[in-house]
Amino acid sequence: MTTSPIERAADSFAAELARQRTERGLSKKQLATLMGFDPSYISHVEGRRHRPTEDFARRAEAVLEASGAIWQRFREYDELRHGRPTPSHRDHPAPGQWMPPGTGLIVERELATLTHTDEGYRCVIRRELYNAGTEPVTRYLVRVAVDRYPNDPGRSNRHHREHPLTFAELQLLSYRYDGGEPEPMHWRAKHDRDAFKEIWLLFENDEGRFPLYPGDRVTIEYAYRVGREKWGPWFQRAVRLPTRRLAVRLDLPTELDPQVWGVETSLSAEEGPLRRPISRHERGGRAIFDWATEDPPLNARYRLQWRFRSRPPESDPGGPAGGGRVRASDRMRGLGIVQRGADLLRQPSRQFGLPADEATARDVVDRLSSALVRLDELHPFSKGVGIAAPQLGLAWAAAVVRPPARSAEPVILLNPRVVDSSPDTDEQYEGCLSFFDHRGLVPRPLRIDVEHAQCDGSRTITSFEFAMARLVAHEIDHLEGRLYVDRMPPGVPLVPVEEYRETGNPWRY
């Protein structure tokens, strides 16, 4: 059967893709995952049911490190498809590692430094970026991950469920350097999980925006902290963008007599020792370990590991200092929940001026909603759960309440106030995220009517009954500077959570 030149070029692309994939021992599903495509898409391209797109060809070339072969087959197909040569793109200055033109960001140099401190570990990442693409870059994705027991995934997962990493403890700072004084960069959370965070570093701050335009360079730096109870004895760098030089430094106390080694993996090689040795020198009571590589392949991973041969006495990393059981309030504190005794919990919250404060209100609600997601990973809330802005250290009149029925949509409350309530009341035990070691018997109305604001400035009145009335009233109390203990009858004792028998059971009405 006769085929057209375009069909023959598409077949040539599919054959080259299949050859490069099988040579690296990758299944279609594995390649699709690395490229960010649905697994069926690889099958359709190799089976000639889908024609390749430019984005697909770029990703396949970069992931398979095909030295330009896949990209060349795509160019031949694309020129025939358009009946004209493919437009040239801006060249890039990254010798030694082939990349399709217009790739985007290139890391010309990275220095990652991890320092052992009295409080834990401080990580500083400095990257020199070059925009080899055709579009301005306005944000840059970074990832912070912890693994307390890298050789025991099950134990690590359990540990981080009980002691999740929080944005508050990271104390993340980010800057750009462009020939003058460093300028702060704003950042925004993308993913928030127990053991890792993904964060957008934004090319903007309060003074304005500063996109990285095609052909321009900039140096960015970000730093964060993690306690020793969450950071295991390893430091990994993953190559997610074309990179010319990667350098890693460990700064450890000599008094602990550190021993350091490293391993590396890539798409084409199993885990093995680092191909270049780690150097060591000492300075001021510190042992400095340096390692670097030139032109690391995409998707390669380099891990430096260590042990302290002169380890000081430590408390159980699975519990609080001094060992013993982890208190419920410690888990809440680990999530960034402000605890009883903080002044903010006793102050009336600031009202939003809507619609002028709409952006602020949405940001606060997003942060509250994210906190509820993290809470779900830590504790079952069969009675429903709510959180008020002061409990995250935000002095705004906002709360989010999730009903006992998990399928129901959370209720968002902005500038709420109770305008009517039922004379009929009952008493039920309540807990509080800011006072989670105890439960208390609290009388509440069986129905409340609440006036609250919308983002456009309009106001509405919503009636809540039974469990939702209790949950909403509890959060409005927070916004007015009250805790549930203020509602308890005199002389009624608090019940330690260990003695409370209704955990996991909904309120009965």
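What you are looking at is a predicted structure, and each value in this text was computed from that prediction instead of being measured.
From Glu427, atom CD reaches atom CD of Glu430 across 10.5 Å, with rounding to the nearest 0.5 Å. The distance from atom CD1 of Ile220 to atom CD1 of Ile125, rounded to the nearest 0.5 Å, is 10.0 Å. Once rounded to the nearest 0.5 Å, the distance linking CZ of Phe466 with CZ of Arg470 reads 12.0 Å. Note that CG of Leu483 and CG of Leu345 are 6.0 Å apart. Values are rounded to the nearest 0.5 Å. Here Ile387 contributes atom CD1 and Leu394 contributes atom CG; the two are 9.0 Å apart, rounded to the nearest 0.5 Å.
The residue from Arg126, Arg237, Arg249 that alone fulfils the salt bridge (charged side-chain N to carboxylate O under 4.0 Å, His left out) condition with Glu110 is Arg237. Each of Trp200, Tyr222, Tyr175, Phe167 was checked for a ring-ring contact (aromatic ring centres under 6.0 Å, His included) with Trp187, and the lone residue meeting it is Phe167. Shown are Leu368, Val364, Leu479; of these, the side chain to side chain contact (heavy atoms under 4.5 Å, CB included) with Trp396 is made only by Val364.
Between Arg158 and Glu162 no salt bridge is recorded (no basic side-chain N to carboxylate O distance below 4.0 Å). Salt bridge status for Arg188 with Asp366: absent, with no side-chain N to carboxylate O gap under 4.0 Å. Here Asp437 does not pair with Arg340 in a salt bridge; the nearest charged N to carboxylate O distance is not below 4.0 Å. Ion pairing between Arg217 and Glu108 holds under the 4.0 Å rule for side-chain N and carboxylate O. With salt bridges taken as basic N to acidic carboxylate O contacts below 4.0 Å, one links Glu451 and Arg459. Under 4.0 Å is where a charged nitrogen must lie from a carboxylate oxygen, and between Asp424 and Arg447 no such pair does. Between Arg487 and Asp477, at least one side-chain nitrogen of the basic residue sits less than 4.0 Å from a carboxylate oxygen of the acidic one, meeting the salt-bridge criterion.
Between the side chains of Ser156 and Asp147, at least one donor N or O lies within less than 3.5 Å of an accepting N or O. Using modelled atom types, one finds a donor on one side chain and an acceptor on the other under 3.5 Å when comparing His452 with Thr462. Side chain to side chain, Gln391 and Ser434 meet the donor-acceptor criterion of an N or O pair below 3.5 Å. Residues His163 and Asp194 have side chains that never bring a donor and an acceptor to within less than 3.5 angstrom of each other.
His44 pairs by the ring pair (Phe, Tyr, Trp, His ring centres under 6.0 Å) definition with His50, not counting sequence neighbours.
Residues Tyr177 and Glu183 have side chains not in contact (no heavy-atom distance under 4.5 Å, counting atoms from C-beta outward). Contact check for Asp251 versus Leu114: no side-chain heavy atoms found under the 4.5 Å cut-off. Annotation: side chain of Met488 is in contact with side chain of Leu494 (closest heavy-atom distance under 4.5 Å). Counting heavy atoms from C-beta on, the side chains of Asp216 and Asn131 never come closer than 4.5 Å. In this structure, the side chains of Phe203 and Val218 come closer than 4.5 Å at one or more pairs of heavy atoms. Side-chain atoms of Pro489 and Pro443, non-hydrogen and from C-beta on, do get closer than 4.5 Å to each other. The closest side-chain heavy-atom distance from Glu198 to Leu141 is below 4.5 Å. Tyr140 places a side-chain heavy atom less than 4.5 Å from the side chain of Leu241.
Taking the ring centre of Phe436 as origin, the terminal cationic atom of Arg439 falls inside the region bounded by 6.0 Å and 45° from the ring axis. Cation-pi contact between Arg122 and Tyr224: absent, since separation from the ring centre below 6.0 Å together with deviation from the ring axis within 45° is not met. Cation-pi check for Arg143 over Phe196 is met; the charged atom lies under 6.0 angstrom from the ring centroid and within 45 degrees of its normal.
In this structure, Asp456 places its CG atom where more than 12 heavy-atom neighbours from other residues, nucleotides or ligands lie under 6.0 Å away. Within 6.0 Å of CZ on Arg127 lie more than 12 heavy atoms contributed by other residues, nucleotides or ligands.
For Phe308 and His116, the gap between ring centers is short of 6.0 Å.
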Can you check side-chain hydrogen bond (donor to acceptor under 3.5 Å, both in side chains) on Ser370 and Asp192, steps first, answer last?
-> CA-CA 8 Å; Ser370 296; Asp192 185 356; 5.5 Å; no

